[in-house]
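Computed over heavy atoms, backbone and side chain alike; hydrogens, waters and symmetry mates excluded.
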Amino acid sequence: MGHLNDALTLAASVTCAYLAYALYWDKKPQLAKLPPPAADVADLIGNTEVVEIKSLSRYTKCRIYAKLELNNPGGSAKDRVALAIIRAHEQTGQLAPNRGDVIFEGTSGSTGISIAMLANALGYKAHICLPNDTSPQKIALLESYGAEVEPVPPASIVDPNQYTNAAAAAAKAINNNPDDPRRAIFADQFESDYNWRVHYATTGPEIALQVPSVDVFVSGSGTGGTIAGVGRYLKHHHNPRTTVVLADPQGSGLANRVNYGVMYDTVEREGTRRRHQVDTVVEGIGLNRLTHNFSLAEPIIDDAVRVKDEAAVAMAKWLCTNDGFFWGSSSCVNAVAAVETALRLGPGHTIVTIACDSGSRHLSKFYRDAAKANPTSVADILDLNK
């Protein structure tokens with residue numbers, strides 16, 4: 001009986017192996033294209049995949065694709081920016097590894113996570129200033145990386161204690177101290193020229209190779225670097241007729257700036273807003289001031305779609321239950337804007353947007369609301385955006 005059991009076990013193992021081989025036979029060409037071992041975590045940044053959002057393509061009769069920037073090792077598109085800023089400051093001698101140098105940044109989360117990851121890998125310390133209403137998941141992740149985390153109350157950019165101003169001041173204090181052997185930089189993602197340039201040099205060309213004919217590029221704007229860099233590349237080197245569309249959450253003034261030339265949103269009336277900066281549950285995009293990076297995007301942005309919180313939340317639930325995508329809040333804003341744009345243009349267009357980060361960073365706030373949403377169709381989501 002023992003020999004019989006052994007034989008049956010072996011037969012089952014062979015059958016499973018055969019089924020697995022048969023199942024993945026069609027993937028053999030892709031396996032041959034796997035990259036060689038990376039040198040370090042920085043070497044893993046970029047060359048992210050593109051995937052079609054099937055449910056949205058079916059509804060709009062367009063092809064709607066997402067560039068999976070959430071598959072960068074730090075979990076977001078901000079890995080590219082963080083690495084570009086660090087390398088640039090190394091070249092100028094402002095940073096040198098393993099001497100205790102500190103990278104300061106003011107961020108709502110994702111850029112700080114990218115900096116913390118790369119600081120550990122490249123021999124630096126990370127000090128991150130962020131609004132104290134940032135999602136607990138992002139703060140916990142920063143702390144897990146060993147970054148020094150400094151939460152500050154949300155405030156206007158004119159306030160010296162606003163999170164980006166706090167980061168800049170702390171970096172300056174180290175550099176102005178003759179008794180401190182360390183050097184410090186303020187990454188300054190909102191104003192850094194390296195931000196849009198890295199997307200112009202990498203993200204844009206990748207999209208052009210992966211999707212040979214891009215009719216529309218849809219992106220939100222936090223700093224403005226992604227939409228500026230990718231939009232400029234696509235228009236200059238891919239297809240000058242590519243339409244660039246800004247996806248903007250409620251409470252942000254950027255959509256009004258694009259569509260009407262006025263940086264103002266009625267939700268931002270004094271006494272009515274929940275947050276000091278942008279009145280929305282969405283993190284990572286939306287602003288009520290002009291940054292250097294957005295100023296470079298503005299001339300090439302053709303249209304803007306304003307997305308209400310309710311629509312973004314419903315889209316999160318829809319993508320999760322219909323496509324298996326568990327995406328962050330800004331990615332869901334992008335998806336709503338992509339659908340609105342597709343319907344306005346009509347069938348047959350190819351639209352590319354950005355999946356910025358995972359929903360795992362938004363569990364306590366955004367996905368708390370998404371869990372209660374129950375859209376039965378894409379039309380339900382669009383009705384919420386009216």
Side-chain angles (χ1 to χ4, degrees), residues 46-54 56-70 77 80-81 193 195-249 252 254-261 285-286 290-307 327 330-356:
N47 294 315
T48 56
E49 302 89 343
V50 168
V51 67
E52 185 172 5
I53 311 175
K54 290 285 191 179
L56 304 187
S57 292
R58 284 194 297 269
Y59 180 77
T60 61
K61 296 181 174 58
C62 289
R63 303 294 293 271
I64 299 182
Y65 297 98
K67 175 78 164 159
L68 298 178
E69 287 297 281
L70 55 84
R80 298 180 191 256
V81 178
D193 209 52
N195 186 341
W196 77 269
R197 287 187 182 280
V198 73
H199 290 294
Y200 187 88
T202 65
T203 319
E206 288 172 26
I207 289 172
L209 285 171
Q210 292 167 304
V211 186
S213 179
V214 180
D215 296 313
V216 184
F217 175 63
V218 177
S219 175
S221 177
T223 63
T226 302
I227 194 167
V230 175
R232 287 164 71 95
Y233 181 86
L234 293 177
K235 281 185 178 286
H236 293 170
H237 299 288
H238 179 65
N239 177 6
R241 293 182 297 279
T242 298
T243 299
V244 177
V245 177
L246 171 71
D248 207 34
S252 171
L254 298 180
N256 276 17
R257 172 78 181 191
V258 170
N259 291 333
Y260 309 112
I285 58 173
L290 291 180
T291 66
H292 168 68
N293 283 279
F294 187 79
S295 71
L296 293 169
E298 196 171 8
I300 55 93
I301 296 175
D302 301 291
D303 195 10
V305 176
R306 185 175 181 271
V307 177
W327 290 349
S330 52
S331 307
C332 297
V333 169
N334 287 345
V336 174
V339 172
E340 295 266 16
T341 301
L343 294 177
R344 185 161 59 247
L345 293 177
H349 292 86
T350 299
I351 299 170
V352 177
T353 189
I354 302 290
C356 315

- Task: Determine whether Val230 and Phe217 make a side-chain contact, defined as any pair of heavy atoms from C-beta on separated by less than 4.5 Å.
- Result: yes

- Message: What I want to find out is whether Lys67 reaches Glu49 closely enough, with some N-O distance under 4.0 Å, to be called a salt bridge.
- Response: no

- Query: Do Thr226 and Ser219 have side chains that get closer than 4.5 Å, going by heavy atoms?
  - Reply: yes

- Query: Mind checking what makes ring pair (Phe, Tyr, Trp, His ring centres under 6.0 Å) contact with His237, not counting sequence neighbours?
  - Reply: Tyr200, Tyr233

- Taking the side chain as C-beta and beyond, is there a heavy-atom pair between Ile227 and Ile301 under 4.5 Å? yes

- Flag side-chain contact, heavy atom, 4.5 Å: Thr242 against Asn239: yes

- Message: Can a donor-acceptor pair be found, under 3.5 Å and without considering hydrogens, that links the side chain of Ser331 to the backbone of Cys356?
- Response: yes

- Is any NZ, NE, NH1 or NH2 atom of the basic residue among Asp248 and Arg257 found under 4.0 Å from an Asp or Glu carboxylate oxygen of the other? no

- Message: Within the structure provided, determine whether Val244 and Leu234 are in side-chain contact (heavy-atom separation under 4.5 Å).
- Response: no

- Message: Looking at Glu52 and Arg58, is there a salt bridge between them, counting it only when a charged N and a carboxylate O are closer than 4.0 Å?
- Response: no

- Message: Using the rule side-chain contact (heavy atoms from CB on, under 4.5 Å), only one of Val336, Ile285, Asn334 pairs with Val307; which is it?
- Response: Val336

- Message: Does any part of the side chain of Thr243, heavy atoms only, come nearer than 4.5 Å to the side chain of Asp215, both counted from C-beta?
- Response: no

